[in-house]
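Here's the structure we're looking at; comments come further down.
Each chain gets a letter, A, B and so on, in the order its sequence line appears, and its residues count up from 1.
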2 protein chains.
Amino acid sequence: MRTMAVIGTGLIGTSAALAVRGRGVTVFLADRSPAAARTAAALGAGVAGSPAEPVDLAVIAVPPSQVCAVLVEAQECGLARCYTDVASVKAAPERAALSRAPAPDRYIGGHPLAGRERSGPLAARADLFQGRNWVLTPSPLTSDETFDRALELVDLCGAVPVVMSGQEHDAAVAVTSHVPHLMASLVAARLREGPAALSLVAGQGLRDATRIAGGDSRLWGDILRSNAPAVAGVLKDLHTDLSRLVPALDALAGSGGGDRDHGMRTLVDLLDRGISGRAGIPGTGPTASDDDHRVRVGVPDRPGELARLLAAVTELGVVAEDAAVDATDGGGAGLAARFTVPPPLAERMVAELRADGWEAVREQDAARLSSLRE
Amino acid sequence: MRTMAVIGTGLIGTSAALAVRGRGVTVFLADRSPAAARTAAALGAGVAGSPAEPVDLAVIAVPPSQVCAVLVEAQECGLARCYTDVASVKAAPERAALSRAPAPDRYIGGHPLAGRERSGPLAARADLFQGRNWVLTPSPLTSDETFDRALELVDLCGAVPVVMSGQEHDAAVAVTSHVPHLMASLVAARLREGPAALSLVAGQGLRDATRIAGGDSRLWGDILRSNAPAVAGVLKDLHTDLSRLVPALDALAGSGGGDRDHGMRTLVDLLDRGISGRAGIPGTGPTASDDDHRVRVGVPDRPGELARLLAAVTELGVVAEDAAVDATDGGGAGLAARFTVPPPLAERMVAELRADGWEAVREQDAARLSSLRE
């Protein structure tokens, strides 16, 4: 790919332009707001204006409801040989493109899973997509050349291509992004009418939980409307869960006339379902559970010895919090600390801790030893 | 304060012990699980066991429903001269203490606004409370000596004391912490039954939005039960909002028979209320709006010039994202970038940018200049 056009120089469009510019691609920038296109150009994302001849790929970076209209207009002008978009809803733009675009075979839907709290070209970064998934949703008509161009864009941006249908994409983001956004908005909206002490007890947890609700309301209104069928379905399931939770809390408050024990079971069941649902999100914590990956270290029962061990394992690259300590089987008066680590690290960890004088052993070896003794 | 006891050596209890140990206080550690107390001791948080004579302050770091029972037992043994706790619910423990503790005047409720995703003594840090608010909720009976000791603890931990009633505290945390936790659990629970593509489209936004749902379900069940009246009230309001949102999404999906325009208004209204609610959380973004704080810089309309300016202002300590760019009044063919900064920085910024050859001016001066011209 040698030339690219970006239509819509907001956060995502400008970031994609910066990324491919850094890899030697000539980029042409356009936006409904001339100031936005000139801002992106002044940031070094390319040149504002139209190319003299068709570019290799046009990236349409506008809200979902506008993707098809922009695609139709661009294809009528012959702006590019291939087209993709970066909107976070895929089925509706694809349906519209298949029925209205002059060359639907030259279009493939796309959605990079990257964003920031801030929007607009000034928030753009060339490395925004580095290591992130970038979903591509080819239609039955999408040509090989168009698919390849989109894959090349994903590669130039340092992202990981993931292929699925537009329907699959939309059902998934309804659960992972669109409904969480609405819930965060509902939670944040409660802050407006709350007691005066709110800001004194608001901490990092609340900032994190409501961060997604900070996004532009017109853009998000467009996104949610474009994916309304999938969002409505998930929202109804969640509404049903909440409708069960309200009487449970009423019972616990002693005001609803319900059974407190039943209320408590309903509450803890929801909390447990939340914990297990969270475990499915990549990067939310250690998931190893194989015995092979556990290292047990005896800790003398003296002040500071455990702190000394934690410092030692941190130096070996082990997250000290992936540890459990118990006092039952350290041998004698000591404690035993258990660390859950990947197998290659486990071996090195045992060797290096032993060299430092610690009683370190892989859990499996320990189990084998005690079964030999029996 | 020279001596302190911590009952319950989880994350919060052990962190408080580490903090005051670092300031020379002798700390005695106790936990229902002897291994947990010994783990805290091995981390350097103090000595596991009971003091020979009453300590200056006992910190009760157990779930809310157990605070009063532990307080009664400790006061009956004469463990300390003064007592506080760190539970995240305050009214119920205070009511129980006033009716059942042998010396309710020697108790003051407390709640440090600090936490981590991980729990247990291994996650403890001496600086966990640094700069965080620590709510104290004196009862009508709380003695001056007890209040002073608690203030000293807050100070030794590097936290900021905030005084309010237990009722005020509980009403506020229901909105900022307890209901957000339940909503995050409801969102995370949906991930269990969702489509297979979920993990491919789950990003940082979802991790942040559901982080609080990762907490221990028994502890959180206890917290939510102890604050059930306040939580139930907020939950009902939120349920009402959600009950309005479901038909709005149905209408937008074209399946509910409702009016699409009305659906869109309901949706965008909620998103806007979420944004304005979020603005009340400290630390969620720039809040300055005074003209005095704005600096306007002319940017030549050449590729890379804006990037060069952003690099220059970043060096001056200005967050480049607190900027707006427009193309209307930069003079001639240029752009104008606006930065919102604190007044002392504004002055220095104008001086240093001018010295570097930029056309920088404070917005107020610009307004004054143009009104003089009129």
| field | Donor-acceptor pair between Arg273(B) and Ser185(A) side chains, under 3.5 angstrom | value |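 There is no such pair (donor and acceptor under 3.5 Å, judged by atom type) between the side chains of Arg273(B) and Ser185(A).
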With a 4.5 angstrom heavy-atom cut-off, could you sort out which part of [X] is near chain A: side chain, backbone, both or neither?
X         : result
Leu43(B)  : both
Asn133(B) : side chain
Leu182(B) : both

| task | Applying side-chain hydrogen bond (donor to acceptor under 3.5 Å, both in side chains), name anything that partners Gln204(B), two or more places apart in sequence or on another chain. | result |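 If we apply the side-chain hydrogen bond (donor to acceptor under 3.5 Å, both in side chains) test to Gln204(B), skipping adjacent residues, the hits are Arg207(B), Asp208(B).
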| query | Listed by chain and number, what are the side-chain hydrogen bond (donor to acceptor under 3.5 Å, both in side chains) partners of His111(A), not counting sequence neighbours? | reply |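 His111(A) satisfies side-chain hydrogen bond (donor to acceptor under 3.5 Å, both in side chains) with His169(A) only.
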Please look at [X] and chain B and tell me whether the side chain, the backbone, both or neither of the residue comes under 4.5 angstrom of a heavy atom of that chain.
X         : result
Asp241(A) : both
Ala41(A)  : backbone
Ser226(A) : neither
Pro195(A) : side chain
Ser276(A) : both
Asp222(A) : backbone
Ile212(A) : side chain
Leu186(A) : both

Kindly compute the distance separating [atom1] ([X]) from [atom2] ([Y]), expressed to the nearest 0.5 Å.
X         : Y         : atom1 : atom2 : result
Lys236(B) : Leu249(A) : NZ    : CG    : 9.0 Å
Thr176(B) : Leu206(A) : OG1   : CG    : 6.0 Å
Asp216(B) : Asp272(A) : CG    : CG    : 9.0 Å
Leu238(B) : Met183(A) : CG    : CE    : 7.5 Å

Highest number of heavy-atom pairs under 4.5 Å with chain B: which of [options]?
options                                   : answer
Glu305(A), Arg218(A), Arg190(A)           : Arg190(A)
Ala171(A), Gly44(A), Ala188(A)            : Ala188(A)
Val160(A), Val47(A), Val231(A), Leu242(A) : Leu242(A)

| Backbone N/O of Met264(B) and side chain of Arg225(A): donor-acceptor pair under 3.5 Å |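 A pair under 3.5 Å: no.
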| task | Please examine the side chains of Val135(B) and Leu200(A), heavy atoms only from C-beta on, and report whether any two atoms are closer than 4.5 Å. | result |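 The answer is no, as the side chains (C-beta and beyond) never meet within the 4.5 Å cut-off.
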